[in-house]
Amino acid sequence: MNAANPALARFELAKTAARSAGELALDYFRHPERIRIEEKVNAQDMVSQADREVETLIREAIGAQFPDDRIIGEEFGMDDREAEYTWVIDPIDGTSPFVHGIPAWCVSIALIAGGRYVAGVIFAPCANELYAAFEGAGATLNDRPLRLSESDTVANGLVGVGGSHRVPPEELSRFVHTLVQSGGMFIRNGSGALMLAYVAAGRLVAYYEPHINAWDCLAGICLIREAGGWTNDFLGEFDLATGGPVITAGPGAREQLLALIEKSATVKIEGPS
Ligand code: IPD
Ligand code: CA
């Protein structure tokens with residue numbers, strides 16, 4: 001353990017815990033007959049025992065080394081303790097693709113402190129890709145540094161779009177309509193965290209979801225910021241328990257994305273007459 005730098009010691013733990021968690025989840029993914037699915041809010045919003053076991057594994061790994069830290073997780077909620085460091089974890093982001101046998105899911109672990117994005121780790125087991133970022137030290141993908149480019153724009157790249165039952169369908173439609181009408185294109189793979197990691201890696205030029213939970217996005221936000229991209233200040237603006245919009249882009253796409261979001265709020269969709 002890195003006793004001299006407590007944040008760095010936690011970053012190291014986040015990486016090993018994400019890998020172990022991903023391996024446990026991958027074992028379930030490869031044996032779908034063992035996955036027991038339950039509905040959460042509706043039939044599109046689900047959870048499985050794999051999500052709970054994976055979150056338990058991460059919580060135990062954190063608790064063993066840093067028992068006083070606060071933990072917020074998608075499946076077991078948050079405690080009210082005061083702590084310098086808070087972990088925000090999504091054991092399996094992309095539960096829907098996960099249970100449907102689609103390899104677009106990941107483990108997401110964020111570390112925050114005093115309103116700062118200290119570390120973000122996302123592990124995508126099916127691709128064996130570990131995305132990791134530490135405050136002020138940059139972001140990496142499998143140890144290779146990530147640096148976003150000015151030349152990737154909405155016009156020549158892909159914009160990730162997220163949606164859920166929490167967002168009015170018209171709002172999503174208006175954004176997608178405005179984007180496509182302006183010459184851009186959207187993609188949605190079912191894992192907000194993984195698409196945010198793709199923004200950090202320069203695979204997507206931007207990601208927008210009108211409402212997302214903290215465990216889905218904080219690790220991705222840290223990755224994007226450390227890779228040289230821009231994000232709204234989710235931590236500064238929204239409550240950890242209730243979430244809010246996530247707006248992120250590489251340096252070449254930021255202005256276009258913000259203009260598209262603004263325009264989409266008022267656009268009227270008309271079909272062919
Ligand atoms: C969901 C996914 C989805 C996003 C939703 C999330 P889950 O998380 O990240 O892509 O659009 O906002 O709730 O249910 O797969 O952990
Ligand atoms: Ca999630």
Side-chain angles (χ1 to χ4, degrees), residues 18 21-22 24-26 28-29 32 35-56 58-59 71-78 87-110 120-126 131 158-169 171-173 175-176 186-200 203-204 206-224 231-232 234 238-248:
L24 174 59
L26 189 59
Y28 273 110
F29 186 71
I35 301 177
R36 293 193 309 277
I37 304 164
E38 292 162 36
E39 273 183 32
K40 273 176 152 177
V41 177
N42 58 43
Q44 296 290 342
D45 186 17
M46 46 195 99
V47 64
S48 74
Q49 93 280 26
D51 298 70
R52 295 201 185 99
E53 282 179 27
V54 173
E55 182 163 326
T56 300
I58 300 169
R59 282 177 178 267
I71 304 177
I72 298 171
E74 172 159 18
E75 310 309 341
F76 295 111
M78 63 171 80
W87 299 77
V88 187
I89 59 188
D90 193 343
I92 299 177
D93 185 61
T95 301
S96 174
F98 177 81
V99 302
H100 291 301
I102 298 169
W105 53 273
C106 62
V107 177
S108 176
I109 303 180
V121 173
I122 290 180
F123 182 49
C126 297
Y131 300 79
L158 288 172
V159 175
V161 180
S164 68
H165 63 272
R166 301 182 302 274
V167 176
E171 195 175 337
L172 270 184
S173 310
F175 179 73
V176 168
F186 68 94
I187 192 164
R188 176 183 192 271
N189 71 2
S191 168
L194 192 55
M195 284 190 283
L196 290 166
Y198 287 171
V199 175
R203 294 173 181 171
L204 300 180
Y207 183 75
Y208 170 53
E209 180 158 348
H211 181 276
I212 197 162
N213 288 310
W215 43 83
D216 298 313
C217 70
L218 289 182
I221 286 175
C222 182
L223 281 158
I224 294 167
T231 80
N232 62 326
F234 193 91
F238 309 109
D239 193 74
L240 284 178
T242 51
V246 66
I247 310 171
T248 72

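Counting starts at 1 for both ligands and their atoms, following the listed order.
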- Task: Please could you name the atoms of ligand 1 that Gly190 approaches to less than 4.0 Å, counting only its heavy atoms?
- Result: 2 (C), 3 (C), 10 (O)
- Closest N/O/S atom of Asp93 to the Ca ion (ligand 2), by atom name? OD1
- Go through ligand 1 atom by atom and flag the ones less than 4.0 Å from a non-hydrogen atom of Gly94. 7 (P), 15 (O), 16 (O)
- Message: Nearest 0.5 angstrom please: Asp93 CG to Leu194 CG, how far?
- Response: 8.0 Å
- Thr248 side chain vs Tyr207 backbone, donor-acceptor pair below 3.5 Å: yes
- Item | Ligand-side contact atoms (ligand 1) for residue partner Gly192, heavy atom cut-off under 4.0 Å | 2 (C), 3 (C), 9 (O), 10 (O)
- Query: With a 4.0 Å cut-off on heavy atoms, is Asp93 touching ligand 1?
  - Reply: yes
- Message: Show the nearest heavy-atom pair for residues Glu74 and Asp216, with the distance to one decimal.
- Response: OE1-OD1, 4.2 Å
- Among protein heavy atoms, which lies nearest atom 6 (C) of ligand 1, and at what distance? Asp216 OD2, 3.6 Å
- Does the N or O separation between Ala193 and ligand 1 drop below 3.5 Å for any pair? no
- Task: Please could you name the atoms of ligand 1 that Ile92 approaches to less than 4.0 Å, counting only its heavy atoms?
- Result: 16 (O)
- Message: If only side-chain N and O atoms count, and only distance matters, is there a donor-acceptor pair under 3.5 Å linking Asp51 with Thr95?
- Response: yes
- Atom pair CZ/CD1 of Arg52 and Ile92 - distance to nearest 0.5 Å: 11.0 Å
- Message: What is the name of the N/O/S atom of Glu74 that is nearest to the Ca ion (ligand 2)?
- Response: OE1
- Task: Show your working on side chain to side chain contact (heavy atoms under 4.5 Å, CB included) between Ile89 and Arg59 and close with a plain yes or no.
- Result: CA-CA 9 Å; Ile89 59 188; Arg59 282 177 178 267; 4.1 Å; yes
- Task: Kindly assign one of parallel, tilted or perpendicular to the pair Trp105 and Phe29, based on the angle between their ring planes and the thresholds 30° and 60°.
- Result: tilted
- Message: Please give me the minimum heavy-atom distance between Tyr28 and Ile35, naming the atom from each residue.
- Response: O-CD1, 3.6 Å
- Item | Atom pair CD1/CG of Ile72 and Leu240 - distance to nearest 0.5 Å | 4.5 Å
- Quick one: does ligand 1 sit under 4.0 Å from the side chain of Asn189, the backbone, both or neither, non-hydrogen atoms only? neither
- shortest atom 14 (O) of ligand 1-to-protein heavy-atom contact is with Glu74 OE2, 3.9 Å
- Task: List the closest protein heavy-atom neighbour of atom 12 (O) of ligand 1: residue, atom name, distance to the nearest 0.1 Å.
- Result: Glu209 OE2, 2.5 Å
- Message: When you compare ligand 1 with Arg166, is there at least one nitrogen or oxygen pair between them that comes in under 3.5 angstrom?
- Response: yes
- Query: Under 4.0 Å from ligand 1, counting heavy atoms only, is it the side chain of Met195, its backbone, both or neither?
  - Reply: neither
- What does the angle at the Ca ion (ligand 2) come to, between atom OD1 of Asp216 and atom OD2 of Asp90, rounded to 10°? 90°
- Task: Flag the pair Cys106 / Phe123 as yes when at least one side-chain heavy-atom distance between them is below 4.5 Å, and no otherwise.
- Result: no
- Item | Within-cut-off N or O pair, Asn213 and ligand 1, under 3.5 Å | no
